[in-house]
Amino acid sequence: MSRFHWSMHVVCATAATFLAAVLIYTVMTLPSEPAGLARLVEDFMNVSGVEHPVTAVLLNFRGYDTWLELGVLLVAVLGMLLFQRQNDLRQIVRMPAAEPVLDWLIRLIAPMMALVSGYLLWMGKYSSGGAFQAGVVLGAACVLLWLSGHPSLESLSGRVFRFLLTVGFSVFMIAGALFMLSKQPFLTYPVATAGHWILLIETAATFSIAVTVAALIMGLQPTYSETEDQP
Amino acid sequence: MTMFLAYAVTGMIVFAIGLYGVVIARHLLRKIIALNIMAGGVFLFLISIAARNSQAFPDPVPQAMLLTGVVVALSATAFAIALARRIYTVTGSATLSDGER
């Protein structure tokens, strides 16, 4: 059977409509408590080490979420590399395209993207920005280099690649566990140096996110071994 | 408040459409796209509730959840596509079997 019977469509559509109705009713009858957790965050901003509430929540108040999310990224990229039977980005580097204009444009854009990424990382302390935005911009720069066949990715050895993949997760874990020695709970930093620790973690996370995003996109490219054993 | 409702209700509808797609789609790529549509609905809801709970600043907790969620959705999608392609390479079909041989 290649397609569902029409009655299946009707049943599913009815169920989905019912679910939508229930969800909409729930949303409409949400208690109109206006504060949420915003006030709680505001009260503890002075011990967070940063000035932007979103960064404070991400890296300090709800550090578990962010730490384990870096773990999710790591697991995703490991799974992907397993399927592709690779442990390196060099095996998926493209041949350079013989286009002088593209080459010139990449030379112009790629350093700018690295600069924007660094700026976004630094801005996380004061305003919207931080490791995720910076990492994605840097990852996009890597993808751009790869698409244009720029040879720079070939100089990234397997060891450096694997180090960059894991550095965000491990630095976050080490920084979180370090202050357990002074009887603090996991992922709690001392108030005086919290800002520095957050910057350190965010810098490591930026590189990890960039390499992860780039590897996930590049890893989707069919490899030679795969095209051979296709039925 | 009405702004919040407009976005939140839209988010819920988008979520339900995505769920319908996940169940009904046969091709794995369609299922993955439908999952992303579901995620889009949740993201829309989270960001609208952040705006609703704003005092001086929109509630940072849903914003932070959204920020991590977007990156997780991206990586999960890429992994799912890799899985789907592996299934295609091994079985020669991009749909899940019905459980009958």
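All values derive from a computational prediction rather than experimental measurement. In what follows, every chain begins at residue 1, and chains take the letters A, B, ... in the order their sequences are listed.
Formation of a donor-acceptor pair under 3.5 Å by the B:Thr95 side chain with backbone atoms of B:His27 is not found in this model.
Under the 6.0 Å cut-off for aromatic ring centres, A:Phe172 and A:Trp197 do not qualify, their centroids lying 6.0 Å or more apart. Here A:Tyr64 and A:Phe186 bring their ring centres to under 6.0 angstrom of each other.
Within 6.0 Å of CZ in A:Phe61 there are more than 12 heavy atoms belonging to other residues, nucleotides or ligands. Within 6.0 Å of atom CZ in A:Phe44, 12 or fewer heavy atoms from other residues, nucleotides or ligands are found, so the atom counts as exposed in its surroundings. Open room surrounds OH on B:Tyr7; 12 or fewer heavy atoms of other groups in view lie less than 6.0 Å from it.
Screening B:Leu35, B:Asn36, B:Ile37 for a side-chain contact (heavy atoms from CB on, under 4.5 Å) with B:Ile33, the sole residue that qualifies is B:Ile37.
Proximity to chain B (any heavy atom under 4.5 Å) is restricted, for A:Val41, to the side chain, taken from C-beta onward. Only the side chain of A:Leu19 comes within contact range of chain B, judged by heavy atoms closer than 4.5 Å.
Of all residues in residues 10-25 of chain B, those placing a non-hydrogen atom less than 4.5 angstrom from a non-hydrogen atom of chain A are B:Met12, B:Ile13, B:Phe15, B:Ala16, B:Leu19, B:Tyr20, B:Val23, B:Ile24.
Listed options B:Ile49, B:Ile81, B:Leu67 were ranked by heavy-atom pairs under 4.5 angstrom with chain A; first place goes to B:Leu67. Most heavy-atom pairs under 4.5 Å with chain A: of the set B:Val71, B:Leu74, B:Val9, B:Val72, this distinction falls to B:Val71.
Within the model, atoms CE of A:Met123 and CD of A:Gln133 stand 11.0 Å from one another, a figure rounded to the nearest 0.5 Å.
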